[in-house]
Enquirer: 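Sending over a structure as C-alpha cells; questions will come in a sec.
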Amino acid sequence: MEAKKTVLISGGAGYIGSHTAVELIGAGYDVVVIDNLSNSEEASVEGVRRITGRDIPFEIVDTCDMAALRSVFAKYDFDTVIHFAAFKAVGESVAEPLKYYANNLVSFMNIVEMMKEFGRPNVLFSSSATVYGDAETLPVTELTPRKPATSPYGNTKQMAEDILRDCCAAYAGLYGIALRYFNPVGAHPSALIGELPRGVPNNLVPFVTQTAAGVRECLSIFGDDYDTPDGTCLRDYIDIVDLACAHVAAVRRMTEGKMEGKFEIFNVGTGHPVSVLELVTTFEKVNGLKLNYRMAPRRAGDVPAVWADTSRANEVLGWKAECSLEDTLRSAWEWEKRVRGL
Ligand code: NAD
Ligand code: WQD
C-alpha cells in the first residue's frame with residue numbers, strides 16, 4: 001500500500017514550520033497547517049502558497065484545545081504530524097514558567113492523544129540543543145548525557161522527548177522522531193518567508209539584521225572572555241532551508257517504515273562551531289556593510305560552546321547541511337530588508 005503523503009504541521013505559520021512546509025511540498029508531500037498565530041502571522045502561510053504555487057489548507061487552531069484538534073484529525077487524512085507549536089523564549093520561560101509548561105506540554109500531549117485516538121502513527125517533534133546544557137564533551141552526539149535543564153523552556157523539551165519515548169514504547173502503532181535543532185538562522189532565498197520575532201529579538205541573527213536595518217541602535221556581544229579562540233561563544237548555526245530538509249528526510253524515514261526502533265533522536269546542525277564575532281564579521285563582509293556593535297557582559301544562562309556531531313543524521317537520515325554561513329547570512333539580510341521595505 002502506498003504511504004499517505006499528507007503531513008499535519010502544528011505551528012506551521014512559524015519560522016521553522018513555514019520553511020518545512022515549502023520543502024515538504026517540494027518533495028511531493030501535501031501539508032495541512034494549523035497555528036493559533038500567537039507568535040506568527042497568516043502572511044507566512046501566504047508566503048508558502050506563493051513559493052509553492054499551492055493552495056495550502058490552513059486553520060487557526062490552538063493545539064491546547066483538544067476539541068478543536070479532534071476536528072482537525074477528523075477532517076484531514078494524514079499519517080504524520082510535525083509538532084512545532086510551542087513558545088520558545090528562554091528568558092520569558094524563567095519569568096513565566098506556567099505559561100511554558102501549559103502551552104508546550106499540553107499542546108504536545110494533546111497531539112499524541114489524538115494520534116492514539118485516530119490511529120495515526122508518526123510524530124516528529126521539535127527538540128533543541130538546549131537539552132544538552134553545558135555539555136562536558138564537544139561536539140555533542142545524541143548519546144551525550146542531557147544536563148538538568150536550566151530553564152523551564154529547556155525542561156519542556158526534555159520532558160516532551162521523554163513523553164514521546166514513553167508513549168512510543170507503550171502504544172503499538174506510535175512512532176516518534178525528535179530532531180534536536182542547533183541554532184536555526186537565515187531565510188528562504190525568495191525572501192517571502194523568514195523569521196519574524198515580536199519585540200526585541202533574543203536571538204543573535206535577528207538582532208544583527210535589525211541593527212543593520214537601523215531598527216536597533218547597537219548589537220551587544222554578550223561576553224568576550226570565554227575560553228574560546230576569540231573569547232566569544234561558539235554555536236552551530238544551521239541554515240533554515242537545510243533544517244527544513246532534515247524534516248523531509250525524517251518524515252520520509254517514518255512514512256517509508258524505515259525506522260529501526262519506535263523512537264529515534266537526531267542532532268540537526270552543521271557540525272561546525274562559529275563564534276559570535278565570526279558571525280558578525282561574516283555578516284558584514286557578505287552584505288558589504290558595517291554593523292554597530294560593542295562588547296558587553298556575559299548573558300546569564302549562556303553556555304560557552306555547543307555544536308553538533310551530525311554523523312547520525314548524515315548516515316541514517318542521509319541528510320547533510322549544505323548552505324554556507326555566507327549564503328545563510330545573505331538570506332537573513334535579504335529577508336530583513338524586505339520586511340523593512342529597504
Ligand atoms: P515560532 O514561534 O516561529 O513558531 C512556533 C509556532 O507555533 C508559531 O507560529 C506560534 O504561533 C505557534 N504556536 C505556539 N503555541 C501554539 C499553540 N498552543 N497552538 C497552535 N499554535 C501554537 O518558532 P520556531 O522558531 O519556528 O520554532 C518551532 C519549534 O522549534 C518550537 O517548538 C521551538 O521550541 C523549536 N525550536 C526552535 C529553535 C529556534 O531557535 N528557532 C531552536 C530549537 C527548537
Ligand atoms: C547565540 C549567541 C549569545 C544575542 C537559543 C536558545 C536555544 C535554541 C536556540 C530553542 C550566544 C550571543 C545573542 C545578542 C549576543 N532555541 N548573542 N548578542 O542562546 O545559543 O540558543 O536559541 O530551542 O534553546 O537558548 O541562541 O541566538 O540567543 O545566541 O552576543 O544580542 O549569540 O550570547 O552566544 P542560543 P542566541
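Counting starts at 1 for both ligands and their atoms, following the listed order.
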Enquirer: According to side-chain hydrogen bond (donor to acceptor under 3.5 Å, both in side chains), who are the partners of D134, at least two apart in sequence or on a separate chain?
Expert: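 Applying side-chain hydrogen bond (donor to acceptor under 3.5 Å, both in side chains) to D134 gives none.
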Enquirer: I want to know if ligand 1 touches K157 in the polar sense, i.e. an N/O pair below 3.5 angstrom.
Expert: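 Looking only at distances, the answer is yes, because the N/O contact criterion of under 3.5 Å is met.
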Enquirer: Report the nearest protein non-hydrogen atom to atom 3 (O) of ligand 1: residue, atom name, distance rounded to 0.1 Å.
Expert: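 In this structure, atom 3 (O) of ligand 1 has Y15 N, 2.8 Å as its nearest protein heavy atom.
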Enquirer: Check ligand 2 against the protein and report each N/O to N/O distance under 3.5 Å, formatted as atom name, atom name, distance.
Expert:
from: ligand 2; atom 1: 18 (N); to: S220; atom 2: O; distance (Å): 2.7
from: ligand 2; atom 1: 19 (O); to: R299; atom 2: NH2; distance (Å): 2.9
from: ligand 2; atom 1: 20 (O); to: N183; atom 2: ND2; distance (Å): 3.0
from: ligand 2; atom 1: 20 (O); to: R235; atom 2: NE; distance (Å): 2.5
from: ligand 2; atom 1: 22 (O); to: N203; atom 2: ND2; distance (Å): 3.1
from: ligand 2; atom 1: 23 (O); to: S128; atom 2: OG; distance (Å): 2.7
from: ligand 2; atom 1: 23 (O); to: Y153; atom 2: OH; distance (Å): 2.5
from: ligand 2; atom 1: 26 (O); to: N183; atom 2: ND2; distance (Å): 3.1
from: ligand 2; atom 1: 27 (O); to: N203; atom 2: ND2; distance (Å): 3.2
from: ligand 2; atom 1: 27 (O); to: L204; atom 2: N; distance (Å): 2.8
from: ligand 2; atom 1: 28 (O); to: N202; atom 2: O; distance (Å): 3.3
from: ligand 2; atom 1: 28 (O); to: N203; atom 2: ND2; distance (Å): 3.2
from: ligand 2; atom 1: 28 (O); to: R299; atom 2: NH1; distance (Å): 3.4
from: ligand 2; atom 1: 28 (O); to: R299; atom 2: NH2; distance (Å): 2.9
from: ligand 2; atom 1: 29 (O); to: R299; atom 2: NH2; distance (Å): 3.4
from: ligand 2; atom 1: 30 (O); to: S220; atom 2: O; distance (Å): 3.3
from: ligand 2; atom 1: 30 (O); to: F222; atom 2: N; distance (Å): 2.8
from: ligand 2; atom 1: 33 (O); to: D302; atom 2: OD2; distance (Å): 2.5

Enquirer: Can S10 be said to touch ligand 1, with heavy atoms closer than 4.0 Å?
Expert: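 Contact check S10 vs ligand 1: negative.
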Enquirer: For atom 24 (P) of ligand 1, grab the closest protein heavy atom and report residue, atom and distance to one decimal in Å.
Expert: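 The protein heavy atom lying closest is K88 NZ, 3.7 Å.
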Enquirer: Look at the side-chain heavy atoms of Ile, Leu, Val, Met, Phe, Trp and Tyr, link any pair under 4.5 Å apart, and say whether F207 and L196 land in one connected group.
Expert: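 Per the 4.5 Å side-chain linkage, F207 and L196 are not co-clustered.
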Enquirer: What protein heavy atom lies closest to atom 27 (O) of ligand 1? Include the residue and the distance to one decimal.
Expert: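 Nearest neighbour among protein heavy atoms for atom 27 (O) of ligand 1, to 0.1 Å: I16 CD1, 3.7 Å.
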Enquirer: When only distance counts, is F84 in polar contact with ligand 1, meaning an N/O pair under 3.5 Å?
Expert: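 For ligand 1, there is an N or O atom that lies under 3.5 Å from one belonging to F84.
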Enquirer: If you have a sec, work out which protein heavy atom is nearest atom 2 (O) of ligand 1 and how many Å separate them, to one decimal?
Expert: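 Sorting protein heavy atoms by distance from atom 2 (O) of ligand 1 puts N39 ND2, 2.7 Å first.
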Enquirer: Should you measure from each heavy atom of Y153, which atoms of ligand 1 turn up under 4.0 Å away?
Expert: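 Near Y153, the atoms of ligand 1 are 33 (C), 34 (O), 35 (C), 36 (N), 44 (C).
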Enquirer: Using a 4.0 Å cut-off to any heavy atom of S127, which atoms of ligand 1 qualify?
Expert: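 Matching atoms, with element in brackets: 43 (C), 44 (C).
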Enquirer: I'd like to know if R198 and E41 make a salt bridge, using a cut-off of under 4.0 Å between side-chain N and carboxylate O.
Expert: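 Salt bridge: yes.
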Enquirer: So, taking the atom named CG in N122 and the one named CE in M259, what distance separates them when rounded to the nearest 0.5 Å?
Expert: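 Rounded to the nearest 0.5 Å, the CG-CE separation comes out at 7.5 Å.
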Enquirer: What are the atoms of ligand 1, with element, lying closer than 4.0 Å to any heavy atom of L37?
Expert: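 Matching atoms, with element in brackets: 11 (O).
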Enquirer: What are the atoms of ligand 1, with element, lying closer than 4.0 Å to any heavy atom of S126?
Expert: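 So the answer, numbered in order with elements, is 29 (C), 30 (O), 32 (O), 35 (C).
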Enquirer: Is the shortest distance from a Lys or Arg side-chain nitrogen in K5 or D79 to a carboxylate oxygen in the other one below 4.0 Å?
Expert: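 Looking at D79 together with K5, the answer is no, because their closest N to O distance does not fall below 4.0 Å.
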Enquirer: Do any nitrogen or oxygen atoms of D35 come within less than 3.5 Å of a nitrogen or oxygen of ligand 1?
Expert: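 Such a contact does occur with ligand 1.
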Enquirer: Do the ring planes of F73 and F118 sit parallel (below 30°), tilted (30 to 60°) or perpendicular (above 60°)?
Expert: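 Geometry flag for F118 against F73: tilted rings.
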Enquirer: Looking only at non-hydrogen atoms, which of A102, S128, G11 approaches atom 7 (O) of ligand 1 most closely?
Expert: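 Answer by nearest heavy atom: G11.
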Enquirer: So, D162 and K157, do they make that salt bridge, N to O below 4.0 Å?
Expert: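 Result for this pair is no, no salt bridge flagged.
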Enquirer: When you measure from the side chain of Q158 to the backbone N and O of K147, does any donor-acceptor pair fall under 3.5 Å?
Expert: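 Here the side-chain-to-backbone pair exists.
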Enquirer: Just jot down the ligand 1 atoms closer than 4.0 angstrom to any heavy atom of V61, in number order.
Expert: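 Going through ligand 1 atom by atom, the ones under 4.0 Å from V61 are 19 (N), 20 (C).
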Enquirer: Tell me the contacting part of H83 for ligand 1: side chain, backbone, both, or neither, using a 4.0 Å heavy-atom threshold, strictly below.
Expert: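 Looking at H83 and ligand 1, no heavy atom falls under 4.0 Å.
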Enquirer: Could an N or O of ligand 1 be found under 3.5 Å from any N or O of G14, whether backbone or side chain?
Expert: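 It does: an N or O of G14 is found under 3.5 Å from an N or O of ligand 1.
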Enquirer: Rounded to the nearest 0.5 Å, what's the gap from CZ on R298 to OG1 on T232? Could you check?
Expert: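 If I round to the nearest 0.5 Å, the distance is 11.5 Å.
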Enquirer: Near S38, which atoms of ligand 1 are under 4.0 Å from a heavy atom of that residue?
Expert: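 Atoms satisfying the 4.0 Å criterion: 10 (C), 11 (O), 13 (N), 14 (C), 15 (N).
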Enquirer: When L342 is tested against each of E334, E336, K337 for side chain to side chain contact (heavy atoms under 4.5 Å, CB included), which residue passes?
Expert: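 Among E334, E336, K337, the one that satisfies the side chain to side chain contact (heavy atoms under 4.5 Å, CB included) with L342 is K337.
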Enquirer: Just need the protein heavy atom nearest to atom 13 (N) of ligand 1, so name the residue and atom and give the distance.
Expert: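 Looking only at protein heavy atoms, the one closest to atom 13 (N) of ligand 1 is N36 OD1, 3.4 Å.
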Enquirer: Given E264, which of K258, R253, R165 fulfils the salt bridge (Lys or Arg N to Asp or Glu O under 4.0 Å) condition?
Expert: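 Checked K258, R253, R165 against E264; only one passes salt bridge (Lys or Arg N to Asp or Glu O under 4.0 Å): R253.
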Enquirer: Quick one: pull up CZ in F125 and OG in S10 and give me the separation to the nearest 0.5 Å.
Expert: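 Here the interatomic distance stands at 9.5 Å.
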Enquirer: List, by chain and number, the other hydrophobic cluster members for V106, where Ile, Leu, Val, Met, Phe, Trp and Tyr join if side-chain heavy atoms come within less than 4.5 Å, directly or indirectly.
Expert: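 V106 clusters with nothing; isolated.
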Enquirer: Look at the side-chain heavy atoms of Ile, Leu, Val, Met, Phe, Trp and Tyr, link any pair under 4.5 Å apart, and say whether F182 and L179 land in one connected group.
Expert: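 Looking at the clustering, L179 is in a separate group from F182.
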Enquirer: Would you check whether N103 has a nitrogen or oxygen atom less than 3.5 angstrom from a nitrogen or oxygen atom of ligand 1?
Expert: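 Yes, there is a polar N/O contact under 3.5 Å.
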Enquirer: Working note: V140 + V306, criterion side chain to side chain contact (heavy atoms under 4.5 Å, CB included); need CA distance, chi angles, decisive distance, verdict.
Expert: CA-CA 7 Å; V140 289; V306 63; 4.3 Å; yes
Enquirer: Need the ligand 1 atom indices (1-based, order shown) with element for anything under 4.0 Å from a heavy-atom of P184.
Expert: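 The atoms of ligand 1 under 4.0 Å from a heavy atom of P184 are 38 (C), 39 (C), 40 (O), 41 (N), 42 (C).
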Enquirer: Considering only heavy atoms of S40, which atoms of ligand 1 have at least one such atom less than 4.0 Å away?
Expert: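 Contacts of ligand 1 toward S40, numbered from 1: 8 (C), 9 (O), 11 (O).
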Enquirer: Which is closest to atom 36 (N) of ligand 1 by heavy-atom distance: Y181, F182, F108?
Expert: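 The nearest heavy atom belongs to Y181.
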Enquirer: Measure the distances from the heavy atoms of A129 to every atom of ligand 1 and state whether one is below 4.0 angstrom.
Expert: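 Outside the 4.0 Å threshold, so no.
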Enquirer: Among residues at least two apart in sequence or on other chains, which ones pass side-chain hydrogen bond (donor to acceptor under 3.5 Å, both in side chains) with Y132?
Expert: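 In terms of side-chain hydrogen bond (donor to acceptor under 3.5 Å, both in side chains), with neighbours along the sequence ignored, Y132 is linked to R180, N267.
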Enquirer: F87 ring centre to K99 NZ or CZ under 6.0 Å, with the angle to the axis within 45°?
Expert: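 Relative to the ring axis of F87, which defines the angle, K99 lies inside both limits.
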